[in-house]
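Reading through the structure tokens given below for one structure.
Just so it is clear: chains get the letters A, B, ... in the order the sequence lines come, proteins before strands, and each one is counted from 1.
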2 protein chains.
Amino acid sequence: MGVERVAFSMKDQPVPTDCCSCPIRDRAVCALCDGEELSKLDAIKSYKTYAPGQEIVGAGEPWPYVASVVTGVVKLSKTLSDGRRQMVGLLFASDFLGRAANRPDTCDAIAATETTLCRFRREPFEALMKKTPHLEQRLLQITQDELDAARAQMLLLGRKTAKERVASFLLTLLRRSAPAAFTGQARIATIPLSRDDISDYLGLTIETVSRRMTELKKEGLIELVDARTFRVLDLQALEDAAQENYSE
Amino acid sequence: MGVERVAFSMKDQPVPTDCCSCPIRDRAVCALCDGEELSKLDAIKSYKTYAPGQEIVGAGEPWPYVASVVTGVVKLSKTLSDGRRQMVGLLFASDFLGRAANRPDTCDAIAATETTLCRFRREPFEALMKKTPHLEQRLLQITQDELDAARAQMLLLGRKTAKERVASFLLTLLRRSAPAAFTGQARIATIPLSRDDISDYLGLTIETVSRRMTELKKEGLIELVDARTFRVLDLQALEDAAQENYSE
DNA sequence: CTATAGTGTTGACTTAAGTCAATTATGCCG
DNA sequence: CGGCATAATTGACTTAAGTCAACACTATAG
């Protein structure tokens with residue numbers, strides 16, 4: 001019931017967030033901006049909240065914005081003409097959505113959970129970027145981080161087994177959606193995606209995701225509190241299962 | 001013999017290229033720079049040529065440079081602890097190598113063919129970037145293009161069949177290493193990678209690459225002049241086979 | 001307290017790609 | 001020119017993941 005109430009209020013109010021109290025102020029595209037720069041951004045921004053499953057922008061469609069994810073999770077996916085889908089990005093709070101250049105993005109962006117974006121109108125944003133090195137510097141960092149993540153995912157998609165992919169995915173969630181839990185004792189996180197979405201993300205089928213998840217559970221590496229919540233029982237073993245020991 | 005002579009001279013001379021006659025002047029990281037900016041870059045640059053198979057920088061190693069590829073092809077790959085390898089990037093002339101931020105790259109970079117880099121010392125390059133918006137703007141564009149390419153490759157690795165991957169790869173070569181051939185009648189290109197490298201790139205095995213290549217040949221879509229050279233006989237059919245009809 | 005629809009899990013079987021092994025080019029160097 | 005090493009192809013068989021189908025949760029509505 002508490003959850004319902006929060007969801008309700010987020011959906012109906014236009015999110016009265018100002019930059020000072022913004023939860024992503026220190027990591028978003030505006031992270032390096034000073035007060036003056038921030039007020040220029042403020043003039044071209046608007047918040048918008050999307051329901052789970054709601055399309056933010058379709059592949060190839062023009063979109064007159066770029067945006068930061070304030071809360072929620074956004075899926076970026078590509079689709080082949082016969083319907084095969086592959087998620088090519090998963091955006092969490094502070095991640096950036098939309099190309100600065102006017103080239104249309106060939107992915108569609110869909111809200112996975114209820115999501116609030118801080119949108120900037122594209123044209124003035126691009127103009128502002130030319131005059132504001134802080135903005136461009138930060139966007140470059142963010143884009144390079146995205147590229148690193150994309151390359152890690154290429155290794156996963158090209159070479160990891162189904163079990164390794166599922167284990168890697170759970171570790172990603174722990175790191176990205178519950179950073180505190182990763183080092184702390186809790187090691188519990190919610191899964192913001194359906195099994196269908198997870199299979200799109202991992203290049204697998206629903207059935208295989210389900211089977212390998214059950215396997216990790218039976219082996220005692222994780223516990224499934226419910227279908228959308230997991231707890232890590234043996235972090236070291238999960239990292240081993242994911243082939244994410246960077247200890248060569 | 002002509003080829004040998006050229007290779008010889010490239011290997012032994014320090015490549016007396018100046019920016020004015022540089023073949024990648026209009027597309028590399030320096031593309032937007034004016035004469036003054038170019039001369040500042042000139043002060044911190046050096047050319048270096050690598051032999052095929054030579055390591056440029058290993059995963060995790062520090063490298064005091066960033067660089068543009070002037071000629072040749074560079075492989076970026078990741079390796080799991082048990083030896084499984086996945087190529088996560090293939091750099092052609094004008095592509096950029098190295099992160100501007102000091103974060104160590106977790107890929108190794110290896111010259112696929114004889115390759116000449118235009119290297120900039122990292123520290124002064126970064127300092128220069130802060131004072132030269134042109135440089136940062138262009139690097140952002142390049143990084144975004146890399147990200148687009150990485151995402152297209154994620155679709156390939158996650159969802160395409162072996163045959164589709166091979167067809168896509170040949171089309172990529174046609175576009176990137178012989179742009180003229182793509183629109184013109186020639187439609188012939190050399191494959192700058194061994195079968196082993198191709199399988200690393202496509203997330204397949206050598207044997208599967210070989211079999212699907214033979215299949216495309218038997219179906220009359222391509223002709224293999226030799227193992228490293230192919231000609232496209234039916235471009236439309238090859239694009240269909242690659243699932244690269246963007247004609248929704 | 002059932003129905004019902006959606007989501008997730010499990011089982012039986014198929015298949016595309018991987019593995020292992022043999023064979024055939026392709027160079028390369030004396 | 002011929003033998004040797006490497007690279008590429010082809011063949012026979014195995015396996016991990018996909019497919020199709022049944023079943024089991026969960027949650028909301030009547």
*Contact pattern, 5' to 3', of nucleotides 7-22 of chain D - B, S or - by protein heavy atom under 4.0 Å*: -SBBBB----SSBB--
_Just to verify, what does Glu146(B) make a salt bridge (Lys or Arg N to Asp or Glu O under 4.0 Å) with, not counting sequence neighbours?_
Arg151(A)
*asked:* The criterion is ring pair (Phe, Tyr, Trp, His ring centres under 6.0 Å); which residues satisfy it with Phe92(A), sequence neighbours excluded?
replied: none
*For Glu219(A), check side chain to side chain donor-acceptor pair (under 3.5 Å) against everything at least two apart and list the hits.*
Lys163(A)
*How sharply is the helix from dC1(C)-dG30(D) to dG30(C)-dC1(D) bent, taking the axes over five pairs at either end and rounding to 10 degrees?*
30°
_Run the salt bridge (Lys or Arg N to Asp or Glu O under 4.0 Å) test against Arg195(A) and tell me which residues pass, sequence neighbours left out._
none
With a cut-off of 3.5 Å and sequence neighbours excluded, list every side-chain donor-acceptor pair involving residues 204-211 of chain B.
unit_1, atom_1, unit_2, atom_2, d
Thr205(B), OG1, Thr208(B), N, 3.3
Thr205(B), OG1, Thr208(B), OG1, 3.1

*asked:* List the residues meeting salt bridge (Lys or Arg N to Asp or Glu O under 4.0 Å) with Glu223(A), not counting sequence neighbours, and say none if there are none.
replied: Arg231(A)
*Partners meeting salt bridge (Lys or Arg N to Asp or Glu O under 4.0 Å) with Asp226(B) (sequence neighbours left out)*: none
